[in-house]
Number of protein chains: 2
Amino acid sequence: MKRRNTQSKEAVLSALANSSKAMSQDAIEKKMTVNVDRATIYRILNRFCDDGVIHKIIADDGKQYFALCVKCDDSEKMPDNHFHFRCINCQTIECLPSIVNFSLPAGYQVDRLNCVLVGTCKDCA
Amino acid sequence: MKRRNTQSKEAVLSALANSSKAMSQDAIEKKMTVNVDRATIYRILNRFCDDGVIHKIIADDGKQYFALCVKCDDSEKMPDNHFHFRCINCQTIECLPSIVNFSLPAGYQVDRLNCVLVGTCKDCA
DNA sequence: TCACTATCGCAACAAAGTCGCATTAGTAAG
DNA sequence: CTTACTAATGCGACTTTGTTGCGATAGTGA
């Protein structure tokens, strides 16, 4: 099925594009000027994820955050293989430049990873 | 306030102690022989976390998992600073021996971390 | 302009956790 | 062994986050 260009889709995309950080659905909704239904935003975000436009991070608060990460394009084997940082103060998540390195016991196979560091970011220090 | 030794508390603890892996609330409830209310189990688990008996991991499914980790005692500066592995197949999470190493841009301060690798564990390979 | 169907809005639902409150039951003192 | 104190429990209600069904709306290409 072909994707269509809708106003809602563009609004979500520009909300993400104008932020250097990952945002949750409600943060995106707050930032958007047009009014779009909650379910629709989730559908748009999930579609973007499927298409590889954005990626999803599950933070330690259990919520989903979405980011338009520049690192997504040059995904060699593991997409989204960098650390994320969640600031307790400003409630945002950002992609860190540092790649996750790990050693694995024999027999394990990693498909994806979800690594979040939690603390205070440079803007909130 | 002083902690009391209750049957429920012991039941939760032994469920965790008999498992080498981290478990979610519902997994713990299923494993217990005595019948304990959902809310109570959560309260017991949160109490254990406060007391440093167990630690909590948020997996990439957004759920909380709890583990009685041996690494918890020798926590120098950062408690729970190791990787976790979530097996897609057996739906369990285990603590990996590998410590999380990361480099941080200036100005950031990390309080805790939540790193989960997702894939297939050695038992399910 | 028209037909096709992706997308949307709304409402209902589900799962995971939390909280208030009355009741129950450890614990320690008498 | 009683008794009093209060931590802990069970129940129910509630919140939050996310998903899904369905009829209505609106891109898109012919």
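Every chain is numbered from 1 and lettered A, B, ... according to where its sequence line falls, protein lines coming before strand lines. Excluded from the calculations below are hydrogen atoms, water molecules and symmetry mates; all remaining heavy atoms, backbone and side chain alike, are included.
To the nearest 0.5 Å, the span separating CG on A/Asp123 from SG on A/Cys90 amounts to 6.5 Å. Expressed to the nearest 0.5 Å, how far OH of A/Tyr65 lies from CD1 of A/Ile58 amounts to 10.5 Å.
Across all strands shown, A/Ser24 has no heavy atoms under 4.0 Å from either base or sugar-phosphate atoms. Backbone-only engagement by A/Thr6 is indicated by non-hydrogen atom pairs under 4.0 Å involving sugar-phosphate atoms exclusively. Within the nucleic acid shown, B/Gln64 comes within 4.0 Å of sugar-phosphate atoms alone, with no base atom in reach, counting heavy atoms only.
Between D/dA8 and B/Thr40, no contact under 4.0 Å exists linking OP1 or OP2 to a side-chain N or O. Dashed line: the shortest gap from a side-chain N or O of A/Arg3 to OP1 or OP2 of C/dT7 is under 4.0 Å. In terms of phosphate contacts, A/Tyr42 brings a side-chain nitrogen or oxygen within less than 4.0 Å of OP1 or OP2 of D/dG18.
Distance B/Ile44 CD1 to D/dA7 C1': 12 Å, rounded to the nearest Å. Residue A/Asn46 contributes atom CG, which lies 12 Å from atom C1' of D/dT17 at whole-angstrom precision. When rounded to the nearest whole Å, the span between CD1 of A/Ile41 and C1' of D/dT17 equals 13 Å. To the nearest angstrom, C1' of C/dA16 lies 16 Å from CG of B/Asp60. A/Asp50 has its CG atom 15 Å from the P atom of C/dA6, to the nearest Å. Straight-line distance from the CD atom of B/Gln25 to the C1' atom of C/dG17: 9 Å, rounded to whole Å. In this entry the distance linking NZ of A/Lys2 with C1' of D/dT28 reads 8 Å, nearest Å. One can place CZ of B/Arg4 at 11 Å from C1' of D/dA4, the figure rounded to the nearest angstrom.
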*side chain to side chain contact (heavy atoms under 4.5 Å, CB included) evaluation trace for B/Tyr108 with A/Cys87*: CA-CA 9 Å; B/Tyr108 288 79; A/Cys87 178; over 6 Å; no

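For A/Asn18, the CG atom counts as densely surrounded, since its 6.0 Å shell holds more than 12 non-hydrogen atoms of other residues, nucleotides or ligands.
Position along DNA chain C of the nearest nucleotide to B/Arg43 versus B/Phe66 favours B/Phe66 as the more 5'-ward residue. With the nearest nucleotide of DNA chain C identified for both B/Asn5 and B/Ile58, B/Ile58 has the one nearer the 5' end.
For a distance-only test at 3.5 Å, the side chain of A/Arg47 fails to qualify as a donor-acceptor partner of the base of C/dT7.
In this structure, A/Asp50 does not pair ionically with A/Arg3, as no charged nitrogen and carboxylate oxygen lie closer than 4.0 Å.
For DNA chain C, the residues of residues 26-39 of chain B within the heavy-atom distance limit of 4.0 Å (strictly under) are B/Arg38, B/Ala39, sorted by number.
By the 30° and 60° cut-offs, the orientation of the rings of A/His84 relative to A/His55 is tilted.
Aromatic rings from B/Phe66 and B/Phe48 are positioned such that their centres are separated by 6.0 Å or more.
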